[in-house]
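Computed from a predicted structure; not experimentally measured.
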Amino acid sequence: MSENVVHLHKHTDTPAAVDTAPTVLTVVPDAPPAQPVPLWVRSGRAVKTAVTHERTRSAGRAVVRHGLYTFNGGRIAARRAWDGRTGSRYERMIRAAEAAGNLEAAEEWEERLQRFRAARHHRRMDLLHSPVDAAKGVAVGAGMSVGVLVALGVVLAISTGQAADVVTPLTATIDFIALLIRIVQVVWGPAITIGPFLALLALWSVGRKQHAAPQWALPANVRSGEGEPITPSIVVKALRDLGVPALARAIKEMGDAGASMLGPITIAGCGVEVDVTLPSGVSTNEVQSKRRKLAENLTRHEHEVFITIPQAARTVRLWIADSGALDEPIGPSPLVTDETMTADYKKGKAPWGQDLRGDAAALSLYQRHLLITGLSNQGKTVALRSLALWLSLDKSVQFLMGDLKGVGDWAMFDGLATTLIQGPTDEHVIQVTEMVESAVDEMNRRIQAPPGTQFPPLIVLVDEAQVAFMCPAKDEDKRPYGGSKANSRYFMAVRKIHNQGRAVNVLMWQGTQDPTNENLPKLVREGAHTRASLALGTESQARMALGDKAVDGGAAPNLLRPGLDRGTLVVASDGITIPAGQSSITVRTHYIDDDAATAITDRAKALRDGVTTLHAIDRDEERDALADIAAVIGDAPRVRTKDVLARLATRNTGAYGEWSFIDLKRVLDDAGAEPYKSDGVMVVSRDRVARALTNRDTDGSASTE
């Protein structure tokens with residue numbers, strides 16, 4: 001039985017407590033002795049550590065790299081020698097020209113091949129006579145050389161008076177030749193030994209200059225390829241190494257090594273663009289599905305390469321950004337820099353940002369329902385708000401706004417929007433739903449107006465619309481406010497505006513997060529004419545946001561980088577200029593902060609007569625019509641009667657939705673604030689209405705509707 005060891009522990013939280021703290025005795029049994037680690041376990045750990053060590057991996061890469069430099073350098077040198085001695089280069093160019101359908105170029109290369117073959121035949125025929133000619137030349141040359149040396153010796157003998165000097169030049173020449181032979185004998189052995197190593201060194205140098213090794217084995221500065229320009233050979237090599245067997249095989253069989261597949265490489269904004277005609281047997285989606293590998297083969301990041309499908313059959317269009325260019329900001333919005341800018345709802349386009357080519361991207365909002373979606377905190381509200389800011393500079397546009405986030409992102413529209421409801425609760429959803437339903441009533445009133453009647457634009461905007469679709473609240477008739485069923489109040493109101501609102505300028509704008517069938521029903525998302533998406537998580541979400549056609553055509557918001565590509569969105573709309581053959585365009589939107597947005601709305605308010613913003617839907621049945629008229633007039637000295645009617649209908653559809661000019665005139669005439677003509681149109685005076693309110697009886701004589 002093992003002995004127990006007694007350990008003394010003192011509470012020594014502070015130095016002063018050392019002498020006074022009680023001593024605690026703890027009896028701890030002896031710990032069992034540690035078991036030794038088997039030798040084979042330690043050896044395995046050592047081997048694993050050695051294999052995974054960075055120095056080991058670097059050494060392995062160096063061995064592979066330099067070995068392949070030499071081997072592939074030999075292949076390159078052999079190929080060059082073969083091309084120089086045969087007509088294979090001309091034959092490749094002939095096949096490439098024929099594949100491209102350029103018969104003139106094919107004929108030119110064939111003519112060059114014939115000239116090369118004729119010259120080669122002439123050289124070979126000359127070789128048949130060259131030995132005899134060479135022997136005759138050597139004999140004649142040797143005889144002449146001996147004669148010259150003897151003559152030189154005679155001159156030397158006459159000069160010195162010594163007859164033996166006649167052969168002195170000849171003997172000196174013989175001695176020099178003997179010296180050369182001895183030098184060759186001395187050097188020959190080492191040359192035979194060193195020669196193969198020099199040849200290998202030459203082949204290694206050729207392979208190193210061509211980087212003839214796999215990317216993973218190359219040095220870090222070569223492997224990164226940051227800033228490497230895009231050339232035809234780089235694009236063809238990237239396609240060849242894409243992992244599509246039919247494509248690699250076709251490129252290998254092409255006489256020009258695949259160059260005929262490429263169109264011109266053109267500068268496009270902060271990158272380049274090239275069309276690639278794929279060979280038979282290779283489909284465009286095989287290339288699209290390997291975007292990451294293609295980008296890495298081009299020494300780019302995945303987000304720096306975009307693949308779209310143009311109109312030409314069996315063709316993909318590659319846009320390749322300059323390294324790091326997409327991480328640079330694009331500059332401020334014209335709305336911020338140009339304080340004189342105004343908007344035109346019908347003919348103008350909102351300055352939204354820049355496309356990947358660096359060109360300005362502007363969006364037409366005329367009679368188009370709008371849907372913007374994306375992950376949280378990717379710039380959805382800012383992108384949606386910038387469109388509303390531009391449109392607010394058209395004084396004819398009216399806004400009904402619901403912000404179901406409620407953190408003040410839309411607060412600057414207070415005094416500009418007719419209705420502004422802000423908050424995330426079920427009560428706010430109920431208010432927003434009734435606001436959208438009032439827009440439906442206004443739409444129906446406009447539809448029933450005489451043909452040809454012109455109506456001011458009414459934008460019904462709901463940010464964070466997924467909160468409305470997922471709201472569980474029900475009304476007194478047990479009808480849900482949220483959901484996507486036929487009895488859902490918000491869903492049905494949006495659907496009605498989508499169905500008929502465009503014709504009378506009642507438009508639905510929505511912003512929502514993470515599109516799914518639960519928080520963005522199919523019928524609602526497909527009712528939008530302009531669909532835009534920021535970064536998303538999956539391809540299925542991208543299809544919900546933009547539709548199958550756009551995604552099949554290359555749109556990939558799911559490949560945008562959350563956080564890094566904030567404010568970058570993919571747009572599918574006929575209201576923006578999209579390159580021919582494409583179904584979508586990628587836009588980097590301008591960022592407009594809250595202070596700049598407030599300055600823009602201040603300019604928009606200065607263009608208007610004054611708007612009284614409602615922050616809740618008034619459900620009271622009894623209405624003070626004169627007070628409501630005064631409220632909708634606001635601070636403007638006079639307002640046209642048709643605008644007063646429209647504002648009253650927005651304020652309370654149930655009470656004023658059916659009002660006509662006769663109803664408005666009756667109330668004003670009874671109060672002594674009759675409408676009158678100004679510049680040829682009927683208007684209502686603010687001062688007359690205010691005076692009528694002040695002078696009316698206090699016994700309830702106000703007109704009640």
Backbone of Phe455 reached by a side-chain donor or acceptor of Arg446 within 3.5 Å: no
Criterion side chain to side chain contact (heavy atoms under 4.5 Å, CB included) on Gln466 and Leu520, from CA distance to verdict: CA-CA 6 Å; Gln466 76 279 355; Leu520 187 59; over 6 Å; no
Verdict with reasoning, Asp565 to Arg588, per salt bridge (charged side-chain N to carboxylate O under 4.0 Å, His left out): CA-CA 9 Å; Asp565 290 327; Arg588 302 171 69 196; over 6 Å; no
Steps toward salt bridge (charged side-chain N to carboxylate O under 4.0 Å, His left out) verdict (Lys405, Asp409): CA-CA 8 Å; Lys405 183 188 298 181; Asp409 289 336; 3.5 Å; yes
For Arg385, the option from Asp594, Asp593, Asp463 that meets salt bridge (charged side-chain N to carboxylate O under 4.0 Å, His left out): Asp594
Pairwise distance CG(Leu416) to CD(Gln398) - rounded to 0.5 angstrom: 11.0 Å
N-O pairing of Glu437 and Arg489 below 4.0 Å: yes
Main-chain N/O of Thr598 paired with Thr601 side-chain donor or acceptor, under 3.5 Å: yes
Salt bridge (charged side-chain N to carboxylate O under 4.0 Å, His left out) between Arg666 and Asp669, worked out: CA-CA 5 Å; Arg666 174 176 52 81; Asp669 289 347; over 6 Å; no
His369 and His498 aromatic ring geometry - parallel, tilted or perpendicular at 30°/60° bounds: tilted
Side-chain donor/acceptor of Asn517 to backbone N/O of Pro521, under 3.5 Å: no
Mutual orientation of the aromatic rings belonging to Phe413 and Trp410 [parallel < 30°, tilted 30-60°, perpendicular > 60°]: tilted
